[in-house]
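The structure under discussion appears below in the form of structure tokens.
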Number of protein chains: 2
Amino acid sequence: MSERGSAHASTSGENLLFLTDDQLRRGIEAMFFAYRGFTADPDRILNDYAYGRAHHRAIHFINRSPGTTVNNLLDILGVTKQSLNRVLRALIEDGLVESQVGKRDRRERHLFLTDKGQALEKELSEAQRVRMRAAYRDAGPDAVAGFRKVLEQIMDPELRKHFQSLKDGS
Amino acid sequence: MSERGSAHASTSGENLLFLTDDQLRRGIEAMFFAYRGFTADPDRILNDYAYGRAHHRAIHFINRSPGTTVNNLLDILGVTKQSLNRVLRALIEDGLVESQVGKRDRRERHLFLTDKGQALEKELSEAQRVRMRAAYRDAGPDAVAGFRKVLEQIMDPELRKHFQSLKDGS
DNA sequence: CTTGGAAAGTCAACAAGGCTGACATAATAT
DNA sequence: ATATTATGTCAGCCTTGTTGACTTTCCAAG
């Protein structure tokens, strides 16, 4: 934590200019505008398939952790089972997701993407990656590290756990 | 500018590891989880007032640019006038927003927060700033700079203009 | 073996907040 | 005069979230 030489705004010898309300407000607005861009490309594609963001999120995390249970997905997505169920039902009916009864615990349903589901997942995630790749490249590796660091701090601790447990494998 | 692939280091003398699909996916998930945290605190407050995020956004940008017109707000928020109108009507009826007929162009309505509106704005934004302040502090100034840099690149160019024009004054 | 409770699914009803389309009004611009 | 712009409004639709009530399945503890 280096010292910064410049002028005021310090309570403990550090330059805390980056913590002014104005800086914070800039960050808040940046999050707002960026999130719109972040979802714009997948949204366009989903529209063609008559799906929405809720379907995208389910597809993403099923792809990420094949065989995950409904309850686990519920935790990650933070919606009610009724809400998720509506989405899953559509995806299963349309043949994008397969639901397998658990072997150890046959109450549980394990979720998998079918080939068709994987195809859509790839289309969606690649569209989203194109934008992120361009942003990362323009901003550079140091900026990317900071980006991720701040985002991680913004998360609720509960969600941060989920995020981190996705780091390695499911 | 090609370079894709997973794990090899450089094609042009630079280390491009931060552009791997895995890194991109991590960023995508970080955005997802962080945005949830980002909106969580205001959402809780809004719930008490029977308002939603749409009201928050309107309040935020009216506070940011007092006297802004409906059309300008429409551009920034990226929703239809019907959608915005529903929200504005509620805020005006409840005495949080005041709508003044334009003087030069009397078709326009200029929007202002009343004292009551400013009070809610302050409550909402302070709740959001508490989280952001903690995140900024934990991540440090360099990370914050990178955070903002990447977010700005993620925005649609159209929205980036709006973001940037909010930098100074309205 | 019975039973309590967990996991999952389902139905119904509702709300917020998006959307489109059609139309009204007022005022500016041509 | 007429066209265009800015705004407002009504009606209706969709997605995606919510609660509440209820059922089915099935594991596990008594």
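By convention in this document, chain letters (A, B, ...) are assigned in the order of the sequence lines, proteins followed by strands, and residues within each chain are numbered from 1.
At distances below 3.5 Å, at least one donor-acceptor pair connects side-chain atoms of B:T114 with backbone N or O atoms of B:G117.
For B:D156, the salt bridge (Lys or Arg N to Asp or Glu O under 4.0 Å) criterion is met by A:R131, not counting sequence neighbours. In terms of the salt bridge (Lys or Arg N to Asp or Glu O under 4.0 Å) criterion, residue partners of B:R53 (sequence neighbours excluded) are, by chain and number, B:D43. Partners of A:K116 under the salt bridge (Lys or Arg N to Asp or Glu O under 4.0 Å) rule, at least two apart in sequence or in another chain, do not exist in this structure. For A:D138, the side chain to side chain contact (heavy atoms under 4.5 Å, CB included) test picks out B:Q153, with sequence neighbours left out. Remark: A:Y35 pairs with A:F38, B:Y35 by the ring-ring contact (aromatic ring centres under 6.0 Å, His included) rule, at least two apart or across chains. Every residue two or more places apart in sequence or in another chain that forms a salt bridge (Lys or Arg N to Asp or Glu O under 4.0 Å) with B:E126 is listed here: B:R129, B:R133.
On the nucleic acid side, DNA chain D has its first and last nucleotide under 4.0 Å of a heavy atom of chain B at D:dT5 to D:dC10, going 5' to 3'.
Applying the ring pair (Phe, Tyr, Trp, His ring centres under 6.0 Å) test to pairs two or more places apart or on separate chains, those with a residue in residues 59-81 of chain A are A:F61-B:F32, A:F61-B:F33.
Against DNA chain C, the stretch residues 73-95 of chain A makes heavy-atom approaches under 4.0 Å through A:K81, A:Q82, A:N85, A:R89. Residues of residues 45-58 of chain A having a heavy atom closer than 4.0 Å to DNA chain C: none are found. Non-hydrogen atoms lying under 4.0 Å from DNA chain C are contributed by A:R107, A:E108, A:R109, all within residues 96-112 of chain A.
Proximity of A:R109 to A:V101: side-chain heavy atoms (C-beta onward) are separated by under 4.5 Å at one or more points. Taking the side chain as every heavy atom from C-beta outward, A:R25 and B:R64 approach each other to under 4.5 Å. Looking at A:E29 and B:L166, their side chains come closer than 4.5 Å, going by heavy atoms from C-beta outward.
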Which donor-acceptor pairs under 3.5 Å do side chains of residues 74-91 of chain B form with protein atoms, sequence neighbours excluded?
residue	atom	partner	partner atom	Å
B:T80	OG1	B:S83	N	3.3
B:N85	OD1	B:R89	NH2	3.3

